[in-house]
Amino acid sequence: MRKQERASEIYKRLSQRYPAPEPALTWSTPWELLVATALSAQCTDERVNMVTPVFFEKWPDIQDAAEADISEIEAVVRSTGFFRNKAKNIRAAANRIMTEYNGEVPKSMAELITLGGVARKTASIVLSNAFGINEGIAVDTHVKRLAFRMGLTQKTDPIQIEKDLMPLFPREQWGEINHFLVFYGRQVCPARKPKCDECELNDICPKKGVK
DNA sequence: CTCCCGATAT
DNA sequence: ATATCAGGAG
């Protein structure tokens, strides 16, 4: 089976399984989604969802975050790991958004990735979920693993994987395919013990039976 | 390539 | 003890 055909079949089956996918991260504004996604690096979204309510109660607006004390932010985000980098990046991003973007989270890939701690993955999540803009496909640990196992890429670099994936899915599916692969990766095809015996993609998976 | 880094599962 | 979790920067 060709890659293109396999990709279409994956989209078809997973869109049946996940009729109305929403991010597992909890958020209510573009800024909240940006912060939550920035915090999610090498951390479970479950953990992030414990931290963000505390964060946004303490600093509700972008301006509040821009003025916050770094050590206080560090204390709040500590349990998500990489807490010094994350705290510094979030406050710096809040400052830039206030001073250079009129207090509004920018709506393009080019602008978003100029913010420290924000690269294509985080930018794609914010663009597709908060603004409905598909400029890229967010390649996180789940998309990377699933794309490789399903034979949609042979690459290991997320940027290269994204380039392999983009032509395989219509642009309007880019946000969805991210959700599908993330959820399916968590539920059926995790890194350690993939449940190949109960996988509904088993028949089109080149890695079936292989770890 | 290395470093940043805590929480949890195995 | 080690691997993994919605990564990013130097």
Side-chain angles (χ1 to χ4, degrees), chain A residues 14 18 21-28 30-55 70-94 96 106 109-131 134-150 152-153 155-163 165 169 173-195 211:
Chain A
L14 294 186
Y18 304 111
E22 287 177 21
L25 295 169
T26 55
W27 59 284
S28 59
W31 168 247
E32 289 193 7
L33 181 59
L34 179 58
V35 171
T37 309
L39 290 176
S40 71
Q42 295 295 293
C43 174
T44 61
D45 56 327
E46 190 182 356
R47 171 64 50 187
V48 174
N49 289 337
M50 293 185 227
V51 164
T52 44
V54 179
F55 187 101
I70 284 284
S71 61
E72 286 186 47
I73 301 181
E74 287 180 355
V76 169
V77 306
R78 190 175 202 286
S79 67
T80 69
F82 302 151
F83 63 93
R84 294 187 186 85
N85 285 338
K86 288 174 181 177
K88 175 164 54 70
N89 288 334
I90 288 168
R91 199 183 72 162
R96 296 241 354 255
M109 178 70 72
E111 292 171 309
L112 281 168
I113 63 176
T114 70
L115 302 173
V118 178
R120 290 189 64 87
K121 181 264 173 178
T122 299
S124 289
I125 295 294
V126 172
L127 288 170
S128 65
N129 291 287
F131 301 128
N134 287 319
E135 274 201 67
I137 297 177
V139 178
D140 55 54
T141 186
H142 299 293
V143 174
K144 177 178 177 176
R145 184 180 66 253
L146 274 279
F148 182 78
R149 286 180 177 169
M150 295 300 300
L152 301 181
T153 186
K155 310 287 176 52
T156 56
D157 171 30
I159 303 293
Q160 297 304 316
I161 293 173
E162 186 181 3
K163 283 181 183 167
L165 293 182
F169 300 93
Q173 295 178 359
W174 288 0
E176 292 175 279
I177 197 65
N178 166 265
H179 284 133
F180 295 161
L181 295 180
V182 170
F183 291 141
Y184 200 68
R186 283 188 185 136
Q187 295 171 2
V188 182
C189 193
R192 299 225 195 178
K193 294 191 332 193
K195 303 169 182 170
K211 49 176 179 176

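Per chain, numbering begins at 1; letters A, B, ... match sequence-line order.
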J.: Kindly point out which of C:dA6, C:dC5, B:dG6 is positioned nearest to the side chain of A:Phe83?
T.: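 Side chain of A:Phe83 sits closest to B:dG6.
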
J.: Just compare B:dC4, C:dA6, C:dA9 and give me whichever is closest to any side-chain atom of A:Val182.
T.: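 The listed nucleotide nearest to A:Val182's side chain is C:dA6.
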
J.: Of all the heavy-atom pairs spanning A:Phe131 and A:Pro106, show the shortest one and how long it is.
T.: CE1-O, 3.7 Å

J.: Ignoring the backbone of A:Lys121, work out which of C:dC5, C:dA6, B:dA7 is nearest its side chain.
T.: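 In terms of side-chain proximity for A:Lys121, the closest of C:dC5, C:dA6, B:dA7 is C:dA6.
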
J.: Quick check on C:dG7: is either OP1 or OP2 less than 4.0 Å from any side-chain nitrogen or oxygen of A:Thr37?
T.: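 Negative; the distance criterion is not met.
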
J.: Is A:Phe82 stacked on the base of C:dG7, meaning ring centres closer than 5.5 Å and planes within 30 degrees of each other?
T.: yes

J.: Let's see if you can work this out: which of C:dG7, C:dA3, C:dA6 has an atom nearest to the side-chain heavy atoms of A:Arg192?
T.: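 Among the listed nucleotides, the one closest to the side chain of A:Arg192 is C:dA3.
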
J.: Taking OP1 and OP2 of B:dC5, is either one under 4.0 Å from a side-chain nitrogen or oxygen of A:Arg78?
T.: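 Checking B:dC5 against A:Arg78, no side-chain N or O comes under 4.0 Å of OP1 or OP2.
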
J.: Is any side-chain N or O of A:Arg47 closer than 4.0 Å to OP1 or OP2 of B:dG6?
T.: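 False: A:Arg47 side-chain N/O out of range (4.0 Å or more) of B:dG6 OP1/OP2.
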
J.: A:Arg145 side chain: which of C:dG7, B:dG6, C:dC5 is closest?
T.: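 Nearest to the side-chain atoms of A:Arg145, counting from C-beta on, is C:dC5.
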
J.: B:dA7, C:dG8, C:dA6: which one has an atom nearest the side-chain heavy atoms of A:Ile125?
T.: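 The answer is C:dA6, which lies nearest to the side chain.
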
J.: With a 4.0 Å cutoff (strictly under), does any side-chain N or O of A:Thr141 reach OP1 or OP2 of C:dC5?
T.: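 The answer is yes; a side-chain N or O of A:Thr141 sits under 4.0 Å from OP1 or OP2.
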
